[in-house]
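Structure first, then comments.
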Amino acid sequence: MVPWVVGAAGLLAGPLVVLVAERAASSLLADSGRLRAFVAIGMSAVTAASWLAGWTRFGTTPLLAAWCWACALGCSLAITDLRWRRLPFPLVAALTGGGIVALLGAAAVDGRWGRVGFACGAAAVVFTLAGLVQAWAPDHTGGGDTALYGAVALYLGWFGWEGLLRGLLMASGLTAVVALAVAMCSRRMNSRFPAGPSLLTGALVSMLMA
């Protein structure tokens, strides 16, 4: 019964993911109702598949709530970055705040309070380091990317040093591959591109592997 509930909830979450992205950007995804409906259907498929993958990995635990929240907000962030080249701070803050609540719930059940402390500390350190990188190379990274690095580090930090380092490596490595592909296609090494989707994809895949 539980997998069907998780999958159905994921399907229903698709249109909400699109709506949240539009509200955060204060703009419609497209003027065409058909295109918006097509994107909503696609997001329903993505959220349902990712939530079921999370259930397979984490089972019916509070950690599943953290996973589902990360996937849903991650999809909204990916939409805003791809469509409007923005990673709205309210969405990143919601991703972080919801993660803290879910991880606190997981710690209350398992008694692993040290993991929450490490996760929060990792988020703070990674956010600071990403901020330094942004200050050093402001033309290549933005404030949204900096905040997103801190947010994904929170989730990855739950899995300890190994999970954190592997996740950051996968997220950064995938982003580097995308950057290289964009540069080759545009024949410009300083081409700008939305880094949010690749960062989120790498981090989420790493969570499943942890």
Side-chain angles (χ1 to χ4, degrees), residues 9-30 35-36 38-51 53-54 63-105 119-120 122-124 126-131 133-134 138 140-158 167-168 170-172 174-175 178 192-207:
L11 289 174
L12 294 174
L16 293 177
V17 164
V18 176
L19 180 61
V20 167
E22 291 179 332
R23 290 291 180 87
S26 299
S27 177
L28 290 178
L29 181 65
L35 180 57
R36 294 179 70 240
F38 178 78
V39 174
I41 292 172
M43 286 297 100
S44 291
V46 170
T47 50
S50 62
W51 286 15
L63 198 56
L64 177 62
W67 167 261
C68 292
W69 184 256
C71 290
L73 268 293
C75 286
S76 291
L77 284 164
I79 290 173
T80 58
D81 206 13
L82 288 169
R83 173 64 177 84
W84 295 284
R85 296 296 192 272
R86 292 174 52 195
L87 291 170
F89 285 109
L91 279 186
V92 180
L95 175 64
T96 305
I100 291 175
V101 172
L103 293 180
L104 283 173
C120 292
V126 171
F127 175 77
T128 301
L129 292 176
V133 172
Q134 180 190 351
H140 295 280
T141 183
D145 297 322
T146 297
L148 185 58
Y149 261 109
V152 298
L154 171 74
Y155 290 85
L156 296 172
W158 173 266
L168 292 177
M170 289 183 64
S172 300
L174 182 58
T175 301
V178 173
R192 301 295 296 272
F193 72 99
S198 56
L199 285 174
L200 288 161
T201 300
L204 290 172
V205 170
S206 177
M207 287 177 65

Residues in side chain to side chain contact (heavy atoms under 4.5 Å, CB included) contact with V205, at least two apart in sequence or another chain: M170, T201, M209
Closest non-hydrogen atom pair between A153 and A123, with its separation: CB-CA, 3.9 Å
Please lay out, stage by stage, how L63 and L103 fare under the test side-chain contact (heavy atoms from CB on, under 4.5 Å). CA-CA 7 Å; L63 198 56; L103 293 180; 3.8 Å; yes
Which pair of heavy atoms, one from A94 and one from L73, lies closest together, and at what distance? CB-CD1, 4.1 Å
Nearest 0.5 Å please: distance from the CG atom of L199 over to the OG atom of S172. 6.5 Å
Please list, chain by chain and in numerical order, all residues satisfying side chain to side chain contact (heavy atoms under 4.5 Å, CB included) with A53, sequence neighbours excluded. L208
Side chain of Y155, backbone of W67: donor and acceptor closer than 3.5 Å? no
When rounded to the nearest 0.5 angstrom, what distance separates SG in C71 from CG in L64? 9.5 Å
Nearest 0.5 Å please: distance from the CG atom of L168 over to the CG atom of L156. 5.5 Å
Within-4.5 Å side-chain heavy-atom neighbours: Y149 and V133: no
Grab the two heavy atoms, one from A102 and one from A65, that are nearest each other, plus how far apart they are. CB-C, 4.3 Å
Would a distance-only check, ignoring hydrogens and angles, find a side-chain to backbone donor-acceptor pair under 3.5 Å from W51 to C68? yes
Report the distance from atom CG of L87 to atom CG of L77, rounding to the nearest 0.5 Å. 6.0 Å
What heavy-atom pair brings P194 and L82 nearest, and what distance separates the two atoms? CG-CD2, 3.8 Å
side-chain hydrogen bond (donor to acceptor under 3.5 Å, both in side chains) filter on T128, not counting sequence neighbours, yields none
Side chain to side chain contact (heavy atoms under 4.5 Å, CB included) with L35: which residues, sequence neighbours excluded? A30, S32, V39
Run the side-chain donor-acceptor check on residues 14-24: report pairs under 3.5 Å with partners two or more places apart or on a different chain.
unit_1 : atom_1 : unit_2 : atom_2 : d
E22    : OE1    : R36    : NH2    : 2.7
E22    : OE2    : L29    : N      : 2.8
E22    : OE2    : R36    : NE     : 2.8
E22    : OE2    : R36    : NH2    : 3.2

Report the residues that fulfil side-chain hydrogen bond (donor to acceptor under 3.5 Å, both in side chains) with T175, sequence neighbours left out, ordered by chain and then residue number. S198
Kindly indicate whether the side chain of V101, heavy atoms from C-beta on, has any atom under 4.5 Å from the side chain of W69. no
How would you list, by chain and number, every residue that makes a side chain to side chain contact (heavy atoms under 4.5 Å, CB included) with A147, sequence neighbours excluded? F89, V92, F127
For S44 and L11, work out which heavy atoms get closest and say how close. OG-O, 2.8 Å
Would you name the heavy atoms of T146 and G131 that are closest together and state the gap between them? CG2-N, 3.4 Å
Show every salt bridge (Lys or Arg N to Asp or Glu O under 4.0 Å) that has at least one partner inside residues 70-81, sequence neighbours left out. none
With no hydrogens and no angle check, is any side-chain donor or acceptor of T80 less than 3.5 Å from a backbone partner on R86? yes
To the nearest 0.5 Å, atom CG of L91 lies from atom SG of C75 at 12.0 Å
T96 meets the side-chain hydrogen bond (donor to acceptor under 3.5 Å, both in side chains) criterion, sequence neighbours left out, with none
